[in-house]
Amino acid sequence: ITFTSGSTGEPKGIVATHAPLVHFIEWHTQHHSLSKDDCFSLLSGLGHDPVYRDVFTPLSIGAKVFIPAQSTVIDPAALARWIHKNGISIVHLTPPLGKLIETGAKLQGARFSALRYLFWGGDALSLSLYEQMRVIAPNAVSVNFYGTTETPQAMAYHRVDPEADNARIPLGKGIESAQLLVVNDTHQLVHEGEVGEILIRSPYLSQGYWGD
């Protein structure tokens with residue numbers, strides 16, 4: 001059981017099995033060619049559901065996972081030094097955390113040449129932040145992830161193309177065995193440009209809310 005962040009005012013317990021996590025990690029490691037030579041950072045809070053992905057992805061392939069002190073995570077300069085010192089190559093992060101890293105890199109005059117992937121989630125990735133991160137991590141590919149505690153892992157992804165018009169970075173398409181639909185109030189598919197609600201179709205969903 002994993003609890004939501006409580007965006008409705010009260011956190012809800014979500015009942016899940018191991019299957020979604022196993023499925024996501026297998027897809028994630030294969031699709032992005034992650035290997036035992038990668039150095040992962042654990043920057044998620046221990047009470048936040050991405051921690052499962054951040055711990056078990058590297059362990060499943062025999063890679064290293066580096067865990068900073070909490071005092072390092074909240075200090076931009078210290079965080080930048082920590083990323084550089086440990087040769088971090090894989091980071092799962094939110095846009096606010098990305099801004100913290102970018103600020104620290106500017107303070108330190110740092111460039112993260114070892115960074116291969118920035119996997120974004122938790123909030124909308126802006127064009128300005130994407131471009132700022134390209135300056136400090138020139139070799140890193142940015143991938144936008146979308147998922148919820150209910151899914152319970154990332155179910156959509158979009159690899160950001162630096163040559164594309166990235167004024168509005170999309171959520172992307174479903175990962176393997178996942179489909180995203182945008183529907184109206186009567187559950188009919190909307191047309192391009194219309195507002196709707198996202199439905200995720202997959203055999204790898206949670207089993208519902210605890211006590212519901």
Side-chain angles (χ1 to χ4, degrees), residues 1-32 43-45 47-54 56-57 91-99 117-130 133 141-162 164-212:
I1 298 177
T2 304
F3 282 82
T4 65
S5 58
S7 56
T8 58
E10 184 177 344
K12 293 179 286 189
I14 294 173
V15 183
T17 67
H18 294 148
L21 181 62
V22 173
H23 172 70
F24 172 79
I25 289 175
E26 286 182 347
W27 171 82
H28 188 22
T29 55
Q30 292 171 15
H31 189 82
H32 298 109
L43 301 178
S44 299
H48 193 212
D49 59 275
V51 75
Y52 299 130
R53 169 203 65 201
D54 291 356
F56 291 111
T57 302
V91 177
H92 294 92
L93 72 171
T94 62
L97 184 56
K99 188 59 186 174
Y117 276 108
L118 296 167
F119 293 108
W120 300 90
D123 206 344
L125 173 61
S126 68
L127 174 60
S128 60
L129 180 56
Y130 166 68
M133 294 300 285
V141 173
S142 279
V143 178
N144 212 17
F145 273 162
Y146 174 72
T148 66
T149 314
E150 287 86 349
T151 45
Q153 296 298 318
M155 283 286 177
Y157 73 103
H158 172 75
R159 180 172 174 147
V160 185
D161 179 358
D165 177 5
N166 293 308
R168 297 176 70 186
I169 298 173
L171 297 181
K173 61 183 180 179
I175 69 168
E176 183 183 336
S177 299
Q179 183 183 37
L180 271 68
L181 308 173
V182 184
V183 300
N184 58 25
D185 293 341
T186 59
H187 284 194
Q188 300 302 306
L189 291 174
V190 300
H191 296 290
E192 184 174 343
E194 292 182 345
V195 175
E197 183 176 11
I198 296 172
L199 295 186
I200 298 175
R201 176 185 286 164
S202 172
Y204 297 102
L205 299 175
S206 62
Q207 299 182 322
Y209 295 111
W210 177 253
D212 185 352

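Just so you know, these numbers use all the heavy atoms, side chains as well, and skip hydrogens, waters and symmetry mates.
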Next on the checklist: As an exercise, state the distance from CG of Leu21 to CD of Glu26, rounded to the nearest 0.5 Å.
Outcome noted: 10.0 Å

Item to check | Flag, side chain of His92 to backbone of Gly121, donor-acceptor distance under 3.5 Å | outcome: no

Item to check | Heavy-atom closest contact (Leu125 atom, Ile169 atom, distance) | outcome: O-CD1, 3.6 Å

Item to check | Residues which pass side-chain hydrogen bond (donor to acceptor under 3.5 Å, both in side chains) with Ser202, listed by chain and number, not counting sequence neighbours | outcome: none

Next on the checklist: I'd like to check the side-chain contact (heavy atoms from CB on, under 4.5 Å) partners of Gln179; sequence neighbours left out, ordered by chain and number.
Outcome noted: Leu181, Arg201

Checklist entry - Listed by chain and number, what are the side-chain contact (heavy atoms from CB on, under 4.5 Å) partners of Pro96, not counting sequence neighbours? => result Thr94

Item to check | Residues that Thr151 engages under side-chain hydrogen bond (donor to acceptor under 3.5 Å, both in side chains), provided they are two or more places apart | outcome: none

Next on the checklist: So, using side-chain contact (heavy atoms from CB on, under 4.5 Å) as the criterion, who are the partners of Ser128 when residues are at least two apart?
Outcome noted: Ser126

Item to check | Minimal non-hydrogen separation, Pro203 against Ser177, with atom names | outcome: CD-O, 3.4 Å

Checklist entry - Going through the checks in order, is the side chain to side chain contact (heavy atoms under 4.5 Å, CB included) test met by Tyr146 and Ile198? => result CA-CA 11 Å; Tyr146 174 72; Ile198 296 172; 4.0 Å; yes

Anything under 3.5 Å between a donor and an acceptor, one on a side chain of residues 204-212, the other on a protein residue two or more places apart or in another chain? List them.
residue, atom, partner, partner atom, Å
Ser206, OG, Glu150, O, 2.7
Tyr209, OH, Glu150, OE2, 2.7

Checklist outcome for this item: Rounded to the nearest 0.5 angstrom, the OG1-NE2 distance for Thr17 and His23 is 11.5 Å

Next on the checklist: Can you list everything that forms a ring-ring contact (aromatic ring centres under 6.0 Å, His included) with His32? Sequence neighbours excluded, please.
Outcome noted: Trp27, His28, Tyr117, Phe119

Next on the checklist: Do Val91 and Trp120 make a side-chain contact, defined as non-hydrogen atoms from C-beta onward lying under 4.5 Å apart?
Outcome noted: no

Item to check | For Ser44, all residues meeting side-chain hydrogen bond (donor to acceptor under 3.5 Å, both in side chains), sequence neighbours excluded | outcome: Asp54

Next on the checklist: Are the side chains of Leu97 and Leu43 in contact, using a 4.5 Å heavy-atom criterion?
Outcome noted: yes

Next on the checklist: Taking the side chain as everything from C-beta on, heavy atoms only, tell me whether Leu93 gets closer than 4.5 Å to Leu118.
Outcome noted: yes

Checklist entry - Which pair of heavy atoms, one from Leu129 and one from Pro95, lies closest together, and at what distance? => result CD2-O, 3.4 Å

Checklist entry - Rounded to the nearest 0.5 Å, how far apart are OG1 of Thr2 and NZ of Lys12? => result 14.0 Å

Item to check | CA sep, side-chain torsions, deciding dist, call: Val143, Val160, side chain to side chain contact (heavy atoms under 4.5 Å, CB included) | outcome: CA-CA 6 Å; Val143 178; Val160 185; over 6 Å; no

Item to check | Pair Phe145 and Phe24, ring centroids less than 6.0 Å apart | outcome: yes

Checklist entry - Mind checking whether Lys173 and Leu180 have side chains closer than 4.5 Å, heavy atoms only? => result no

Checklist entry - Any idea which heavy atoms bring Ala178 and Met155 closest together, and the distance? => result CB-SD, 3.6 Å

Checklist entry - Who passes side-chain contact (heavy atoms from CB on, under 4.5 Å) against Leu127, sequence neighbours left out? => result Tyr130, Glu131, Asn166

Checklist entry - When you measure from the side chain of Thr57 to the backbone N and O of Ile25, does any donor-acceptor pair fall under 3.5 Å? => result no

Checklist entry - What pairs of residues pass the side chain to side chain donor-acceptor pair (under 3.5 Å) test when at least one of them lies in residues 186-200, not counting sequence neighbours? => result Asn184-Thr186

